[in-house]
There are 2 protein chains.
Amino acid sequence: MSTRRRAREPAEESEVAGFTGPATINDIARLAGVSKKTVSRVINASPLVRAETREKVAGLMRQVGYVPDPQARGLAFRRAFLIGLVYDNPNAQYIVNVQNGALDALRGSGFELVVHPCESRSDDFIEGVCRFVQRQKLHGAILLPPVSENEALAEALERLDVRYVRVGSVPFGAAARTVVSNDRAAAVEVAEYLVGLGHRAIGLIAGPHSHRSAHERAAGFGEVLARHGIELPPERVVEGGYTFESGVACAGRLLALASRPTAIFACNDEMAAGAYTAAYRMGLRVPEDVSIVGFDDSPLAARLWPALTTVRLPIRDMGRQAAALLLDPAAAAPAPLTPHLAVRDSCGPPAR
Amino acid sequence: MSTRRRAREPAEESEVAGFTGPATINDIARLAGVSKKTVSRVINASPLVRAETREKVAGLMRQVGYVPDPQARGLAFRRAFLIGLVYDNPNAQYIVNVQNGALDALRGSGFELVVHPCESRSDDFIEGVCRFVQRQKLHGAILLPPVSENEALAEALERLDVRYVRVGSVPFGAAARTVVSNDRAAAVEVAEYLVGLGHRAIGLIAGPHSHRSAHERAAGFGEVLARHGIELPPERVVEGGYTFESGVACAGRLLALASRPTAIFACNDEMAAGAYTAAYRMGLRVPEDVSIVGFDDSPLAARLWPALTTVRLPIRDMGRQAAALLLDPAAAAPAPLTPHLAVRDSCGPPAR
DNA sequence: CTGAAAGCGCTTACAG
DNA sequence: CTGAAAGCGCTTACAG
């Protein structure tokens with residue numbers, strides 16, 4: 001072994017004489033005195049290699065700093081070492097959290113993450129996703145809501161025989177291809193909390209009915225109120241679009257009601273922030289005049305004044321689970337994750 | 001031509017008899033009655049093809065829905081059709097905006113975007129990035145601040161002969177490899193605005209000195225105050241960490257000063273949000289008691305109450321420029337983008 | 001348990 | 001302007 005000091009650089013350039021540039025399977029084969037096929041077997045952890053041979057080859061690979069070329073492997077395998085992240089979601093923090101979670105699972109696996117935003121309202125978006133997946137010969141795709149809720153897309157991917165995992169608030173299709181957060185249970189927790197504080201006049205800013213999560217959240221919430229015999233009349237339920245602006249508008253309507261609610265559950269943090277603005281514009285204080293709860297625990301939540309009580313969605317965990325499922329389809333479907341309430345400063349007992 | 005209806009699926013499966021599955025270069029060559037090399041020339045827009053031949057081949061490719069396999073091309077080219085996005089940045093919106101911008105430029109080019117977060121404080125992060133870039137044979141990498149400011153990384157990539165573009169607030173190294181936003185000019189605008197409102201007692205929450213942007217923003221700001229003969233004594237300048245919490249702490253110190261500033265320039269929105277919280281905790285109103293300006297125009301800014309006046313950074317444009325530069329290194333270096341003030345509701349004239 | 005041949009879908013280098 | 005041969009770095013299918 002050479003004793004000269006090495007610069008702090010990747011050890012791709014072998015110190016073993018005989019070749020320059022990153023080592024290839026041929027270099028390893030020659031060095032080990034075996035065929036490249038045997039090296040290939042070691043790379044792919046085939047059991048059809050004598051232990052002794054395997055160790056010799058593996059040792060050499062380590063020593064030389066050899067890593068198989070993913071591109072060449074992909075070409076031969078007819079499948080790239082790439083995972084696609086397909087989404088149509090305005091919430092940047094959600095995207096980045098999923099990315100980080102997926103990357104957690106991918107680390108060291110040789111797979112990389114390719115991002116693919118799309119327009120699920122556009123007419124040819126399914127075709128676009130299929131083209132992307134097929135052209136890149138993706139190993140699999142992670143579908144985020146609301147794209148994950150699109151049955152037509154799932155069917156199209158099925159036909160193309162590409163692996164995918166759907167992330168959402170309810171299991172759709174095969175459980176093995178789904179990562180679920182139990183939004184309904186979390187909404188139950190929100191309702192129990194508000195009722196426990198003494199609220200009876202409660203307003204709900206629901207999400208857009210095109211999103212499955214909107215149904216889950218509203219359903220869990222309504223369930224509890226009903227159980228407690230608390231009315232949730234139609235005028236106290238308004239549908240927003242998961243956006244800040246819609247939150248301002250919806251809360252404005254709720255707070256202008258003759259029987260003004262003492263608490264509002266906004267089905268995501270964006271709309272909750274809008275509710276703050278609507279309240280402040282009317283000269284109302286949070287939480288003295290109106291308690292507000294959000295959903296997501298986006299970074300926004302902790303930065304509002306007063307800090308927003310909300311539901312913490314384990315988004316990074318979901319990203320991790322999704323990627324893990326793609327790497328090992330044989331793995332058991334993960335149990336649904338239940339998000340929980342993060343109590344901060346936006347709720348109090350009703351004034352009346 | 002067949003007249004049967006086609007399902008709304010990508011036209012990868014050719015209707016021309018003779019082969020199944022996505023068409024390959026060989027199929028096109030056979031169909032066109034030319035060699036695969038000629039098809040290759042058409043793919044790569046080589047001038048060494050007779051116009052007639054080119055049109056025949058190109059027409060066939062279109063008709064069949066042929067798209068060259070990026071993996072195979074990559075292997076032969078010894079360079080993947082992938083652009084890496086390397087970052088170490090907690091601001092999700094920043095990342096997603098850059099991603100979207102880069103994707104804008106990449107659309108239709110056949111290149112895809114691979115994300116690679118890293119820990120620039122970690123000891124072996126340069127090695128990690130080099131390994132990533134080299135292993136994937138990336139066509140190029142986009143470096144975001146603060147990673148982009150790391151000279152050692154730039155040198156390492158240089159040695160490996162990989163293309164990269166550095167995104168930042170000041171041009172470092174070769175201009176052709178840099179996408180710059182003129183943060184200094186924007187900070188000048190902020191200062192002029194506050195001075196114009198009549199403020200004289202002004203506080204500055206600077207960014208961490210490890211970030212180049214922190215210097216630029218503070219410098220541009222200080223410059224204007226000096227020009228107007230307005231003092232910026234040391235106690236009115238505090239260094240934050242670009243985080244919400246540091247903003248709370250720094251603003252708390254500024255607002256506790258005997259000669260309390262009537263305006264605060266927080267060098268990013270996160271810290272500005274922290275300044276709101278610090279003010280509110282002390283019972284101060286924004287902007288009546290203290291005006292606050294941020295920087296970035298993150299989604300947070302418009303969601304705070306009152307809506308934050310801040311500097312709108314053209315992040316998506318920068319992502320687009322960076323990717324475009326990577327696709328066409330011959331292109332002229334883009335002119336620095338100057339961000340501008342987005343005036344909202346967080347500033348007013350000083351009370352005194 | 002191991003290997004020689006052929007192939008994945010494209011390009012380079014060399015001829016003509 | 002066009003093509004036959006060899007090769008990119010790996011794997012599959014087939015032998016032994």
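No experiment lies behind these values; they were computed from the predicted model shown. First the proteins, then the strands, lettered A, B, ... as listed; each starts at 1. Scope of the values below: all heavy atoms of this structure, side chains included, with no hydrogens, waters or symmetry mates.
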Participant: Taking only Watson-Crick and G-U wobble pairs with both distances under 3.5 Å, what dot-bracket line describes DNA chain C, where [ ] shows pairs that cross earlier ones and | shows pairs with another strand?
Facilitator: |||.||||||||.|||

Participant: Quick check on DNA chain C: between A:Val49 and A:Lys137, whose nearest nucleotide comes earlier from the 5' end?
Facilitator: A:Val49

Participant: Could you tell me whether A:Asn26 contacts a base, only the sugar-phosphate backbone, or nothing, with contacts defined as non-hydrogen atoms closer than 4.0 Å?
Facilitator: nothing

Participant: Could you list where the contact with chain B starts and ends along DNA chain D, reading 5' to 3', using a 4.0 Å heavy-atom cut-off?
Facilitator: D:dC1 to D:dG9

Participant: With nearest nucleotides of DNA chain D determined for A:Ala72 and A:Arg78 from heavy-atom distances, which residue corresponds to the more 5′ nucleotide?
Facilitator: A:Ala72

Participant: Tell me if a side-chain donor or acceptor on B:Thr178 pairs with a main-chain N or O of B:Val180 at a distance below 3.5 Å.
Facilitator: no

Participant: If you look at every heavy atom in B:Ile95 and B:Leu144, which pair is closest and at what distance?
Facilitator: CD1-CD2, 4.1 Å

Participant: Within the supplied structure, the quantity of interest is the number of heavy atoms (other residues, nucleotides, ligands) at a distance under 6.0 Å from A:Glu151 CD; does it exceed 12?
Facilitator: yes

Participant: Toward the 5' end of DNA chain D, which comes first, A:Asp69 or B:Ala51, by nearest nucleotide?
Facilitator: B:Ala51

Participant: Between B:Ile25 and B:Pro68, is there a side-chain heavy-atom distance shorter than 4.5 Å?
Facilitator: no

Participant: Is there a donor in the side chain of B:Arg73 and an acceptor in the side chain of B:Asn44, or the other way round, less than 3.5 Å apart?
Facilitator: yes

Participant: Are A:Ser148 and A:Asn150 linked by a side-chain donor-acceptor pair shorter than 3.5 Å?
Facilitator: no

Participant: Is there a side-chain contact between A:Leu113 and A:Gln99, using heavy atoms and a 4.5 Å cut-off?
Facilitator: yes

Participant: Check for me whether the distance between the ring centres of A:His139 and A:Phe81 falls short of 6.0 Å.
Facilitator: no

